[in-house]
Each structure stands twice: as C-alpha cells, then as structure tokens.
Amino acid sequence: MPPTEIEITPQTNIRELVAELPVAAEVMRAFGLGCSGCSVSSYETIEQGARAHGLRIEPIVAALQQARRSGSVPAIRDEDRQPARRAPGAFSGRAHIAHVVPIMSGKGGVGKSLVTALIAIGLRRRHFRVGILDADITGPSIPKLFGLREPLSITADPVKRTPQGQPQPLITPAVSRSAIEIVSSNLLSESEDTAMIWRGPIVAGVIRQFYEQVTWSDLDYLLVDLPPGTSDAPLTVLQSLSIDGVVLVTMPQALATMVVRKAANLVHQLKKPILGIVENMSYFEAPDTGTRYEIYGPSYAARVAELARAPVLARIPIDPRKAQLADEGRIEELDDPICDVLAERLLGAIEAHPKPKETISII
Ligand code: ADP
C-alpha cells in the first residue's frame, strides 16, 4: 500500500484521516475512541476528539504517525488510553453543569428518547461536553440507542455517607462512542451495589441520585430524558434541578396534543420556561417522489406551540434510517442535518431564556 500523504496533526479531521488511512480507525479504537465511525467525527479534529474523551493528544498523534509508517497499530501504553476522569478516590466532589434541559412528553412512544439523542449528537458536533441523564425508567431506550450494554461501575464514595453511616454509592457514567456521558437505570446490574442505589422504589429519588451521586465530568449540557407524562417523577426533576427550561416532544395526534397541553400547564405552573416543541413522526417523505404523507394526520405543531407559548424547534419525519440506526445502537452514525437544526434552535432558545448566571455545582 503506498504511504498516504495526509498530514497528521492535532488539527487533522478524524473522518478525512480515516478515509485516507483506514488503519487510523483501528488506532483510534485502541485508544478507546470509537468515534471515528460516527457522524460527530466528520466535524471533529483529533485534538477535539481526544479532549472530549479526556485523553492526551500527543500519544495519539504519535501512534497515528507510526501506524502510517508501519501499516499496523503500534503498542499503546495503558496510561495513554486511560481517560483523565475524576477517579473516585480522588474525587474532588464538584462537577459544574452549565445547562440542564429536561426532555418531556405527554405520553410514551412519541420518540422522546430519540429526540434526546439527536439533540445530544447535535450539541456534540458543536464540541460541547454533553451528558444524558436517562430518567425514563419505563424502557431501555437511551442505552439501546447508543449501543450501551455494560453495567455502570459503582464504587463507594470516599467522603459521603448515607444517614445509616454506609458509604454512599458513586456511579461512573457510561461514555458513548462520541463521548456523550450517559447514566441510566437500565445500566444498573443486579448486584449488591445496585441494592444500595435503589434505596426505596421511588423513581423521583432515583433520578435525584443520578444527578447527585454520579461522577459527571464538567458538562456544558445535561439532557434529562424524563419519564412520559406528568407524574411525580418528572415533577421532581422540574422542581428540584436548576433547569434552563423544558423541551416538549409531541406527535401529530389529537390525543398527543391534549396530553401535551397538560404537560405544558404543569411546566408553566412551576414557572419554568418551555424552550421549544418538537413534533416527531410529523410526516413521511417518499424517497422516490418527495411527496409528503401525513401518516398520523395533519400537524398540530403550531397549535401545540401556541398552547405552550414556545417555538417549534423542528418537525421530524418518520424515517426508517433513524429507526434502523436506533435499533442497532448506532444512532451516533446518523449524519442528518436535523441534529444541527435541533441543537442550533435549542441554543437560541436557551439564550432567549437566561437563567441566573452561576453554574450549578453538584455532589
Ligand atoms: P419514547 O422515548 O417517547 O417512549 P422512543 O424514542 O423510544 O420513544 O421511540 C419509540 C420508537 O419509535 C423507537 O423504536 C424509535 O426508534 C422509533 N422512532 C422514534 N422516532 C422516529 C422517527 N422519527 N422515525 C422512525 N422511527 C422513530
């Protein structure tokens, strides 16, 4: 194979490098950077990818250069592939989360988790540090979308104790291929540690633990995938976290509109802003003719936006490609402008509803 001419520097784009030098994907994977095949990498340099994953850039660039010369993956030192995470033993006890945005829906099955994932991907493409707190315990949507299966690792908090004098459990978030940090009840194993976490079957309490007892990195955006509806659990999140505002996901159905009205009223009663509406499964566009079919009936987005006093962030079509990637745990491979549209409009809405200046500290 002739040696490729592409320059390998921290500023080299990951996708372009892998296209020229396929062994680069293997090198990145050896460093735990699974992102070389995902859509975020089209927008990311080696340095940005390394930083997002908490890795040092120099060993990665050196290994890539060596791989170009030799055509194979060189030996990589263990310490070079360890992300610089807050180790539980050295846990400083403070993570700064600049913005918290719960994603809510009046009822289940409208695609709330998928929309959460699309927003997260859009924000990551803009190089923000993003986390997802999956508080929707009704199903394993979020881990499934990102292909996560490993149970979360749980250690004993070196400092904090429960009222009973036991060390508090401390959860390490899972990290997706594109470096989105994810915590989900569906990633807890049935071990004894788990029993410590589930003190009482109260969902709202679990959500609170996911917020407080997790070694989140400092994040720009934490998206919270709320349980559907207006029960206790979403209510607690809205009341107890310092949120920027809520994104409401709906579908073009009269029933969905009614339940979304209830959700909007709840948010307004709590005096929190609704940042925007996303109408999912809005229509289907035939790939051959471009004709739009309103499978679930006419759009209610404008009506819902009026009820919620919030802008429509996007109308997302029914899309077999999204469903397939979602099913296969490869949603980060979706290269669709909808991710950018959602992120951009959400950022605009957050800017339009500034919350008090200070970042919030958790743990
Ligand atoms: P919720 O979180 O509201 O319960 P999910 O995000 O789990 O809903 O979505 C329910 C199902 O619908 C999933 O299988 C998902 O892949 C699929 N789905 C959601 N939105 C779309 C869409 N726009 N096009 C195709 N399939 C979708």
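Please read all numbers here as calculations on a predicted model, not as lab measurements. Note that ligands are numbered from 1 as they come in the structure, with each ligand's atoms numbered from 1 the same way.
Neither the backbone nor the side chain of K322 has any atom closer than 4.0 Å to an atom of ligand 1 (non-hydrogen atoms only). By the criterion of a heavy-atom distance under 4.0 Å, the backbone of P317, and not its side chain, is placed next to ligand 1. Residue-level proximity to ligand 1 for N280 is carried by the side chain, the only part with a heavy atom below 4.0 angstrom. For S113, heavy-atom contacts with ligand 1 shorter than 4.0 Å involve the backbone as well as the side chain.
The closest protein non-hydrogen atom to atom 24 (N) of ligand 1 is D319 N, 2.9 Å. Atom 1 (P) of ligand 1 has K112 N, 3.5 Å as its closest protein atom, hydrogens excluded (heavy atom only). At the shortest separation from atom 6 (O) of ligand 1 among protein heavy atoms lies L114 N, 2.9 Å. For atom 17 (C) of ligand 1, the nearest protein heavy atom (residue, atom name, distance) is M281 CE, 4.6 Å. Among protein heavy atoms, the minimum distance from atom 9 (O) of ligand 1 is reached at G111 CA, 3.6 Å. The protein heavy-atom contact nearest to atom 10 (C) of ligand 1 is G109 O, 4.3 Å. The protein heavy-atom contact nearest to atom 14 (O) of ligand 1 is D327 OD1, 4.7 Å. The closest protein non-hydrogen atom to atom 16 (O) of ligand 1 is A326 CB, 3.6 Å.
Considering backbone and side-chain N/O atoms, S141 comes within less than 3.5 Å of an N/O atom of ligand 1. The distance criterion of under 3.5 Å between nitrogen or oxygen atoms is not met by K107 with respect to ligand 1. The shortest N or O to N or O distance between A323 and ligand 1 is not below 3.5 Å.
Residues that satisfy the salt bridge (charged side-chain N to carboxylate O under 4.0 Å, His left out) test with R56, not counting sequence neighbours, are E58, D80.
Counting only heavy atoms, the protein gets under 4.0 Å from atom 21 (C) of ligand 1.
Between K144 and D134 there is no salt bridge, since no side-chain N of the basic residue sits under 4.0 Å from a carboxylate O of the acidic one. Classification of E332 and R124 as a salt-bridged pair fails, no side-chain N sitting under 4.0 Å from a carboxylate O. Using a cutoff of 4.0 Å between basic side-chain nitrogens and carboxylate oxygens, E26 and R29 are not scored as salt-bridged. A salt bridge links R177 to E333: at least one charged side-chain nitrogen sits closer than 4.0 Å to a carboxylate oxygen.
The aromatic rings of F128 and Y221 sit perpendicular, their planes meeting at an angle over 60°, well past the 30° parallel limit.
Side chain of R129 to backbone of L222: no donor-acceptor contact under 3.5 angstrom is found. With hydrogens and angles ignored, the 3.5 Å screen pairs no side-chain donor or acceptor of E294 with any backbone N or O of S282.
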(request) Tell me, with the steps shown, if T45 and Q11 meet side chain to side chain donor-acceptor pair (under 3.5 Å). (result) CA-CA 5 Å; T45 62; Q11 275 64 53; 5.5 Å; no
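Annotation: cation-pi geometry satisfied between R292 and Y283 (NZ/CZ under 6.0 angstrom from ring centroid, within 45° of ring axis).
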